[in-house]
Amino acid sequence: MAQRPGFPIKFSTQAKSEPAKSPAKKAASTNPQGLGLDSSAVRQRMVQKLAAQGLKDPLVLEAMGAVERHRFVESGLVNQAYEDTSLPIGLGQTISKPNVVARMIELLLEGAVGKLGRVLEIGTGCGYQAAVLSHVATEVYSIERLKGLHEKARSNLRYFRLANVHLLFGDGMLGYPKGAPYAAIISAAGGETLPQAWLDQLAVGGRLVAPTVTANGQQALMVVDRTGHGFKQSVLEAVHFVPLKSGIS
Ligand code: SAH
């Protein structure tokens, strides 16, 4: 694939360096951070990279191309928003790498026909992955245990007006029984074991994807499929997620 020069593009955080626009367009600008550039070209580059890395589900690539990741990071990190890197989001937590978000959601969709039904996300963080999920699922329930991040996600997501995303403040280790059973469960934090509540709340035919500590003491992506006969577990590649913690704070 031909490498285009100037990637990653440096976003300007200064409204004054916006390319010239008609007054009408300027007035219509709703970007609270005053980002002047159209970020969609940079996002498309990110999607091309994801595809080159082997991600291929069109629904996932489309969702990754649609969600403006730069709206979820601090203004000082906006220039790195479309690089394949995790970034701090406050309170010691991080927004996952685009590649990892796409990979996990692709795993959730594997074998599914069309969009997923109800999805449970553990670890809302800044709300980015919940926004991506909203494009591939009919309903997204996302739980965060840190009040500060729950509120940050709420404010980040307000701009997107995603009617199918439900943000919950609580301990995700308990799942969210009111929304169960889930077609898919995804965790952005890794524990020693998979909480029983997640398994209980997974629909028959549903899939769970979560980082979990394995026998060698390292974290790996765990995929659990619930069939009519029970649960089938597979251990995939090594990953590095923040720890799954119990309780709220
Ligand atoms: N998906 C997020 C990634 C956030 S990092 C994003 O796109 O930004 C993982 C998050 O999991 C952290 O915010 C952490 O506070 C949260 N977390 C850890 N244990 C949790 C638990 N038991 N319940 C809910 N959230 C939890």
Side-chain angles (χ1 to χ4, degrees), residues 43 46 60 63-64 66-74 77-78 80-108 119-137 140-160 162 165-179 182 184-201 208-213 219 221-222 239-249:
R43 236 175 356 268
M46 178 187 81
V60 178
M64 295 299 291
V67 179
E68 296 164 305
R69 194 169 185 259
H70 68 268
R71 292 187 184 275
F72 292 87
V73 301
E74 301 300 333
L77 297 170
V78 160
Q80 295 173 61
Y82 297 103
E83 289 175 25
D84 199 22
T85 177
S86 54
L87 295 169
I89 53 173
L91 301 176
Q93 308 303 317
T94 52
I95 177 175
S96 312
K97 286 160 101 160
N99 176 285
V100 171
V101 171
R103 163 81 172 139
M104 288 175 82
I105 298 178
E106 189 164 286
L107 284 168
L108 287 186
V119 173
L120 174 67
E121 178 192 39
I122 293 93
T124 313
C126 66
Y128 171 70
Q129 182 169 271
V132 178
L133 286 167
S134 79
H135 288 255
V136 306
V140 179
Y141 292 86
S142 181
I143 311 185
E144 173 56 55
R145 65 177 289 275
L146 298 176
K147 188 85 177 175
L149 285 177
H150 167 71
E151 280 165 3
K152 185 181 240 182
R154 192 171 290 294
S155 111
N156 285 342
L157 287 169
R158 196 166 291 132
Y159 167 84
F160 295 91
L162 302 168
V165 175
H166 313 283
L167 297 183
L168 309 156
F169 171 56
D171 181 357
M173 286 181 80
L174 308 173
Y176 182 63
K178 282 187 190 160
Y182 297 99
I185 299 181
I186 180 168
S187 176
E192 299 293 319
T193 54
L194 295 172
Q196 184 61 40
W198 299 356
L199 302 174
D200 293 344
Q201 291 170 29
L208 162 79
V209 177
T212 308
V213 175
Q219 250 185 16
L221 268 192
M222 203 74 82
V239 283
H240 301 281
F241 279 83
V242 295
L244 180 71
K245 294 187 176 168
S246 62
I248 52 173
S249 179

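In this text the structure is predicted, and so the values were computed from the model without any measurement. Both counts, for ligands and for their atoms, begin at 1 and track the order of listing. Residues take their numbers from the sequence shown, with the count starting at 1. Keep in mind that the numbers below use all heavy atoms, side chains included, and drop hydrogens, waters and symmetry copies.
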Report yes if T94 has an N/O atom closer than 3.5 Å to an N/O atom of ligand 1; otherwise report no. no

Top protein contact for atom 11 (O) of ligand 1, by heavy-atom distance: G123 CA, 3.1 Å

Determine, considering heavy atoms only, which of H150, K152, Q129 sits nearest to atom 7 (O) of ligand 1. Q129

Which of the ligand 1 atoms, numbered from 1, are nearer than 4.0 Å to a heavy atom of K245: 18 (C), 19 (N), 20 (C), 21 (C), 22 (N)

With only distance considered, is E144 within less than 3.5 Å of ligand 1 through an N or O on each side? yes

Between E144 and R154 (salt bridge meaning N to carboxylate O under 4.0 Å), is one present in this structure? no

Tell me the contacting part of A153 for ligand 1: side chain, backbone, both, or neither, using a 4.0 Å heavy-atom threshold, strictly below. neither

Under 3.5 Å, N or O to N or O, is I122 touching ligand 1 that way? no

Of all heavy-atom pairs linking L87 and R69, the shortest is CD1-NH1, 4.0 Å

Could you walk me through whether T124 and S142 pass side chain to side chain donor-acceptor pair (under 3.5 Å), step by step? CA-CA 6 Å; T124 313; S142 181; 2.7 Å; yes

Is the shortest N/O to N/O distance between I89 and ligand 1 below 3.5 Å? no

How long is the straight-line distance from CD1 of I186 back to CH2 of W198, given to the nearest 0.5 Å? 10.5 Å

Any nitrogen or oxygen of L244, side chain or backbone, less than 3.5 Å from one on ligand 1? no

Correct closest heavy-atom pair for S96 and F241 would be OG-CE2, 3.7 Å

Top protein contact for atom 25 (N) of ligand 1, by heavy-atom distance: R145 N, 3.3 Å

Are the aromatic ring centres of F72 and Y159 under 6.0 angstrom apart? no

Numbered atoms of ligand 1 (with element) below 4.0 Å of A189, judged on heavy atoms: 11 (O), 18 (C)

Considering heavy atoms of the protein only, find what lies nearest to atom 12 (C) of ligand 1 and give residue, atom and distance to 0.1 Å. Q93 OE1, 3.3 Å

